[in-house]
Amino acid sequence: MKAFEKNIRKVEPYVPGEQPQRRVIKLNTNENPYPPAPGVRKALQQMDTDRMRLYPDPEAGVLVNALAEYYGVEKDQVFVGVGSDDVLSMCFLTFFNSDRPILFPDITYSFYKVWADLYRIPYECQRLDENFRIVKEDYYKENGGVIFPNPNAPTAIYEDLAFVEDIISHNQDVIVIVDEAYIDFAGKSALELIRKYENLIVVQTFSKARSMAGMRIGYAIGNPALIRHLNDVKYSFNSYTMNQTSLVCGAEAVRDKAYFEEIVQKIVDTREWAKTQFAELGFNCLDSQANFIFVTHPEYDARELFEELKKADIYVRFWGSERIEQYLRVTIGTREEMEALFKFLDGYLKRKGE
Ligand code: PMP
């Protein structure tokens, strides 16, 4: 080993789902199968390219204002970033700065571990129960902060607001981050608790329900003091995280509530139908409240099924890690995409059963 290598920060990176550069049935990264709101296309067509000479607004005003108006909060309660990954990463750096371990579930968004390692934040994973549910009492102990997604990923299980509030209320001396990437497909958001708990940060994204994963827009909402701290860290890192195009398109997307509600409903309807189809084929599905379903088949190996699906140009997500080695995560696509999936599965299971 070269002497200089000793000083290099070595990390085990997060591994994103594959993005094949050709057309496949892509059910592996929880993207939305429908296009963004029509106003986004119009805004892009009207974009003034001369504006690109200039740096974007470091305060991301147009987007922050649109979000504040949409959620009925003040502008100083909103922080935006390059996808919720960027927002969450900034939150880790800003709020998890204790010698005590932060707490998150053992089966959850795998990026949490990566950020904790990157920023050298001690952490302790709390085991989901045998039904893959978060055990709220595990979060009552002393800690340096708490983060969990609701609905959780990749299980897709949603916990109600009373459950979420119970965890927050037991952790008022630390920051609690609720990662609501998939909340629009589920139930009540923890946003309504922001006024009550000044230690709460709620993080959401444009990547799922708003069909804009490619634009990379995420946001956090919390009390103004916390948002100020987040911005201080952001300005110490990169003042211009949000590009001009994302700011304009993001603001446009937020304004079209009707379209948003329409495509969310379509995905929820397809999800509920997909649950019945999986069940008919003998799969066990966790009760998803997100835009994906976590499934396992008691008789067929998940890795093999994953590989076979891929050969048929149907991409789903498989981790093969402890406790979930027999599970596949399937994003809800269009009805037609899901029909193609079930047609393949039906044929596959019949071939295997012969
Ligand atoms: N949180 C959770 C739980 C997720 O599954 C994802 C999607 N990979 C994200 C955050 C990040 O999404 P994005 O950066 O696209 O907003």
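This chain uses plain numbering: 1 for the first residue, then up along the sequence. Numbering of ligands and ligand atoms starts at 1, following listing order.
- Contacts between S207 and ligand 1, counted as non-hydrogen atom pairs separated by less than 4.0 Å, involve the side chain only.
- Less than 4.0 angstrom separates some heavy atom of G83 from each of these atoms of ligand 1: 14 (O), 16 (O).
- Within 6.0 Å of the NZ atom in K113, the count of heavy atoms belonging to other residues, nucleotides or ligands does not exceed 12.
- Below 30°, between 30° and 60°, or above 60°: for Y123 and F104 the angle between ring planes is below 30°, a parallel geometry.
- When Y109, Y182, F111 are ranked by how near their heavy atoms come to atom 5 (O) of ligand 1, first place goes to Y182.
- Taking every non-hydrogen atom of R216 and a distance limit under 4.0 Å, the qualifying atoms of ligand 1 come out as 13 (P), 14 (O), 15 (O).
- Below 30°, between 30° and 60°, or above 60°: for Y14 and Y109 the angle between ring planes is above 60°, a perpendicular geometry.
- Looking from atom 7 (C) of ligand 1 to the surrounding protein, the closest heavy atom is K208 NZ, 3.2 Å.
- Remark: the backbone N or O of N171 is paired with a side-chain donor or acceptor of N199 at under 3.5 angstrom.
- Nearest protein heavy-atom contact of atom 12 (O) of ligand 1 is S84 OG, 3.3 Å.
- Applying the 4.0 Å criterion to heavy atoms of A181 picks out, from ligand 1, the atoms 1 (N), 2 (C).
- For D179, every heavy-atom contact with ligand 1 shorter than 4.0 Å involves the side chain, none the backbone.
- Aromatic pair F111/F92: centroids not less than 6.0 angstrom apart.
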_Working for salt bridge (charged side-chain N to carboxylate O under 4.0 Å, His left out), residues R22 and D313_ = CA-CA 10 Å; R22 63 199 167 81; D313 275 351; 3.1 Å; yes
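- For ligand 1, the polar-atom distance check finds no N/O of Y112 at less than 3.5 Å from any of the ligand's N/O atoms.
- Of the protein's non-hydrogen atoms, the one nearest atom 11 (C) of ligand 1 is D85 OD1, 3.1 Å.
- Counting only heavy atoms from C-beta outward, the side chains of H229 and V233 never approach each other to under 4.5 Å.
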